[in-house]
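Following: one structure in structure tokens, then a few remarks.
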Amino acid sequence: MEPYLLLASIVGPWLAAALLLLGREWATGAIRAVGLIGFALPALIAIFFAQQTGLLSEGGYVFVKSWDTGLSQFGITFTLGLNGLSMPLYLMSGIVGLAAGLHACFAQMQRLRLYVCLLLIMHGGLMGIFCSMDVFFFYLMHELALITSFLMIGIWGTAWRRRTAIEITVYLSVGALLTLIGLIALYVQSDLETFDLEALQMALVRYPLTITVQKHIFGLLLLGMGILVSLFPFHSWAPRGYNAMPTSTAMLHAGVLKKFGLFGLLQIAYPLLEQGALHWNPWVVVLALCNILVIGMITVAQQDLKLMIAYGSVMHMGYAFLGLACFSLLGVQATVLMLFAHGLSVSLLFLLEDFLRRRTQTDTFAELGGLGPQMPWLSACFVAATMASIGLPGFANFWGELAIFTALWSTYPWACAVAAAGILISAIYGLRAAAAIFFGPTHTSATYTDLTPIERLPALLLISTLLLFGIWPRPLGVPIASSNKEALTTRPQAPIKPLKAYE
Amino acid sequence: MDPINALTGILLAPLIASGAIVSFALRQARVAATISLVANAVALGLTFWLLQSQPLLPLEAQWAWLELHTFTLSMGYYVTPQALLMLFIVTFLGFWIQLFSTAYMREDPSQGRYFAGLSIFLFAMLGIVLADNLFMMFIFWELVGLGSYLLIAHYWKTEAAAQASKKAFIVNRIGDWGFLLGIVGCFWHYGTTNIAQLQTLLAAHPEVLSGGLALLLMCGFLGKSAQLPLQVWLPDAMAGPTPVSALIHAATMVAAGIYFLCRAEFLFPDGVRSYIACLGSIMALYAGICALTQRDIKRVLAYSTLSQLGYMACVFGLGYSGLALMHLSTHAFFKALLFLGAGALIAQTHHEQDIFSMGGLLRRMPFTAVVFAVGSLALIGAGWGNLLISSGGASKHLILEAAWLQSPGHYWTLWVCGFITALYTGRLFWLVFLGEPRQKATEHAQEASWVMLLPLFVLTLYSVFVGFRYLMPTGLAAVFDADILRVHADVQKLSGPYTFSALHILPSFAWIAGLALSLFFKNPVGNRDRLETAAPGLHHILSVFPKAFDTLYQNYLVKPKTALAYILHFMDMLLLRTVAMGSLKALALVLSSLLRRLNTGNLRTYAHWTLGGLATLAALASLF
């Protein structure tokens, strides 16, 4: 039963998309109904799985099932399954997808049918990323979602859409290509003739590749996935790209799709290529710190809300890389916590920015101010989203950042000290935005309407999920804690050991 | 009832209240106020029950909250006598200040937001009080910051509130940065952050005590208690409603830093302590000087809060955490009284906060004047040797005795502070209550309603020494008594003419002289400070003090930060984007030119390529 639900979470949105392609004229209501069913299905399935954490506590993958796709002679089978690391991200993907879908269906877009249709295709791919156990399909799902997002920028993009669409396409395709080369190299070098992740993990942990090979493959994967996750200095596609994307796409891209690279690093590159990772790790740490400090400072300089959110999301990726670079199971778990929360909070910010810009026609700070009393709902949601993204306790983001700092201290205390300065930088730009838009005296005499009930729905969905896991993070901790221990516990010990004076 | 359940009730009542207000009563002012007040009353009642039942201390309870591989974060309670004292102060003051708020905020349309914020704050503050480990303390530490942020921003249509709320949060985050690192460091260095376990550990192995971690932890205290060099946010925080200033920015939240120091005193080695003592006495002096030239009644009180927190930090640093907590307690009551008194004045003079526009209020609001006088005497530390009049007099007298025992430098600094405190407090009192009204609104001022006066009356009782000593629930004074006895015993050994004059004559001389000298300010010329007209040079020098740090930070931190941000942004756009995009473009050009060469239009070439490709594929296929 369960594996078919996994399959349904991928194929369901695609079927809805296919349905939307049929026929000539569609009433808006019908588009919305089909779209919402397509988006709600994966979310419900994800919530269903999220409740079954007991099964995950055994460790390893559960709900596994393979389908032969005729490619088995290349070692490719369509295998689905979940483990403790992918479970939270699968859930996050479902919820962000539903929020983005709710936004898309009621967004008054031109050519709504095509918009919802493409977004559904993208979402099916996203769900597939986190439950694919086959590296080939893992990559394929990502490509599918990525290419759909290119199309959406090209059609509905806002600022400089043509140029940006081409830029982001070329940039990300290079990243994806490098990743692909790395994965193929891994496939060839492992000599197992399989893309199955579990089989690769089992084999490579016991019989690791030679150090030189590991170094090269890891380097390729790091570069490719680094581009996809906007690791400094390969981030320049991100702010402009997000600025140009239509909002629902930006929510899915920044919230979910971007997590592919990190998820790949933590599921594939780090555990399978341990020596290579050790070789490149200093680079990862330094670049990730650049993400936090340099891009954090650049975020402070932004004058537009959407660009600020985009840069801010790039900045927070630095934490995730640092979590991986800790080389400890704690660090990996912390990264997953962080990615889970970040996906929700960044898509929430993009959503609210869209609501704001639809009303004011601008998101430049200097032209806004004092909107709070007119729009209490929007301002309350925005302050909550800001507080979440700057890691205030009570929101899920806090646990991710806290766990990353904790993990980091035991490996690189100095990096922890530098990285923790990020909580200050993000507070500076986040609160500045809230104050500039919603607080203070008003500049204009124009009156704006507050969020409509249908607009509140996706915002409340995201906020309540952030709050739920912010207040009670244990359900997230348990499946993560039971994640693939075998692959990860063989890691070298952290250079600094805690002083166990008790013993 | 199980005491642990009572604690959970105390902690959750305000949280539930704020949740209920946000969900149902944001627009219904009365309902919101009632919910908030009832929740606070429940917390207060449970606290009294707990004190009454005299549970076996310490009370401990723990729940695992987040379990990761090598890291378990738990929530829990660790109730010591100190925690009980704070529990009483927070719930008791919270109740009276909320009652006062119902009248003070009567006209305000967004009372729902206000009371939800107060309840969130109380929840967070109680969490700090009860926390059994440093991580939990950090969580609630940040949450009180949120409460403070939301309430400073209550009048969010004003620029001042917008800026002040942001500033308070960000400056606090600077402190929290160090605090967080210190806590994470503790986790790895000591292997636990549980306060009770740390205490046992350090008692058994004093050699593992780390000074560096203590310095990091101290940062949290500097931010929350607004001590040098992070004090700049507190005077601006007065942009919030006055009861908020009373509860958060005078009595409880800013004292949380001191409470943390006292609760985790075993984590601070002597070197760090003496550093804290120095910072404290410098702060006491600096803030006192700043208060001398303020015109806004709330800012005078804000600087006096900073100064009194300096006293507490100083005496903590000298090794008497009991005395620090005693001054914390007396200060909480009399400063709440002064702020609420100021609130009554502000409410009755149509939101006038400039003391030079007040005047003559003694006749118009005699009750408020009397209670304000009692609060002022407590702030000044009125007393004569061992004859203790005010609650503040008692705690300050002990602090001076402790300073005399430990370090003459601190003694003399605090002695000067005592003089300055009397000077600015007297100035405030004379200007507000004596003379003639200097503004229309002041002329028509009347006594406030009983809802405001009742809290003032209750707090007045606690600001008199006898009231403080005998109205406190039994058992709480035990927190101070050990240190008091220690100081008295040590002073007995020292008896001599010097000690006698230092401890009995000089302190009394300081406050009486200060008060007498402050009469100089009594009759201002028009709307201007008398010092400004009589000695403009001195006044100018004195008025540089309050702005000094803000100017310094603006010029040497904020501006360079902004410049750096713009430079980095520019370089990012110019170099990275151009280089990255340029190289991609070049790559694309090279590839396309190569591909173009293939597109010869010559059928034979195409055929060769096709054959070649097929051959390659065949070769590859044969390999598999």
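Each chain gets a letter, A, B and so on, in the order the sequences are listed, and its residues count up from 1.
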Between A/L329 and B/T70, does the side-chain contact (heavy atoms from CB on, under 4.5 Å) criterion hold? Intermediate values first, please. CA-CA 8 Å; A/L329 188 54; B/T70 46; over 6 Å; no
Does A/G370 offer a backbone N or O that forms a donor-acceptor pair with the side chain of B/W156 under 3.5 Å? no
In terms of heavy-atom contacts, A/L402 and B/L180 come closest through CD1-CD1, 3.5 Å
Quick one, A/W399 with B/I139, criterion side-chain contact (heavy atoms from CB on, under 4.5 Å). Give me CA distance, side-chain angles, the key distance, then yes/no. CA-CA 10 Å; A/W399 303 111; B/I139 288 169; 3.7 Å; yes
Looking only at A/P373, A/G296, A/G369, most heavy-atom pairs under 4.5 Å shared with chain B are made by A/P373
Under 3.5 Å, is there a donor-acceptor pair between the side chain of B/W188 and the main chain of A/A407? no
Between A/L408, A/T442, A/I390, which residue shows the highest count of heavy-atom pairs closer than 4.5 Å to chain B? A/I390
Identify which of B/A565, B/A161, B/A153, B/S110 forms the greatest number of heavy-atom pairs closer than 4.5 Å to chain A. B/A565
From the list A/G430, A/P233, A/A421, the residue making the most non-hydrogen contacts under 4.5 Å with chain B is A/A421
Specify the closest pair of heavy atoms between B/I170 and A/I428, including all atoms of both residues, with the distance to one decimal. CD1-CA, 3.7 Å
Relative to chain A, which of B/F140, B/F135, B/F169 shows the most heavy atom pairs under 4.5 Å? B/F169
Tightest non-hydrogen contact, residues B/V184 and A/F405, listed as CG1-O, 3.8 Å
Which atom names give the shortest non-hydrogen contact between A/A435 and B/A162, and what distance separates them? CB-O, 4.2 Å
Which one of B/G145, B/G178, B/A64 has the most heavy-atom pairs closer than 4.5 Å to chain A? B/A64
Nearest heavy-atom neighbours spanning A/Y311 and B/M573: OH-SD, 4.1 Å
Among B/M75, B/R113, B/H569, single out the residue with the greatest number of heavy-atom pairs under 4.5 Å to chain A. B/H569
Cut-off 4.5 Å, heavy atoms of chain A, and the answer for B/Y155 is neither
Picking from B/K166, B/M571, B/Q163, which has the most non-hydrogen pairs under 4.5 angstrom with chain A? B/K166
Checking A/Q333 against B/F71 for the side-chain contact (heavy atoms from CB on, under 4.5 Å) test, could you report, in this order, the C-alpha distance in whole Å, the side-chain angles of both residues, the deciding distance, and whether it holds? CA-CA 11 Å; A/Q333 295 171 334; B/F71 171 63; over 6 Å; no
Pick one of side chain, backbone, both or neither for A/E401, based on which atoms fall under 4.5 Å of a heavy atom in chain B. neither
So which part of A/A434 gets closer than 4.5 Å to some heavy atom of chain B, the side chain, the backbone, both or neither? side chain
With chain B, which of A/G422, A/A427, A/G394 has the greatest number of heavy-atom pairs at distances under 4.5 Å? A/A427
Do any N or O atoms from the side chain of B/W177 and from the backbone of A/A417 form a donor-acceptor pair under 3.5 angstrom? yes
Under 4.5 Å from any heavy atom of chain B - which part of A/F398: side chain
All heavy atoms of A/L392 vs all of B/E142, minimum pair found to be CD1-O, 3.9 Å
So, the part of A/T299 with a heavy atom under 4.5 Å from chain B: the answer is neither
Are the side chains of B/L73 and A/T406 in contact, using a 4.5 Å heavy-atom criterion? no
Applying a strict 4.5 Å limit to non-hydrogen atoms, the region of A/V294 in contact with chain B is both
Counting only non-hydrogen atoms closer than 4.5 Å, does B/T562 touch chain A with its backbone (N, CA, C, O), its side chain (CB onward), both, or neither? neither
Among B/L146, B/I567, B/D176, B/N172, which residue forms the greatest number of heavy-atom pairs with chain A at distances under 4.5 Å? B/L146
What part of B/L26 gets within 4.5 angstrom of chain A, counting heavy atoms only: side chain, backbone, both, or neither? neither
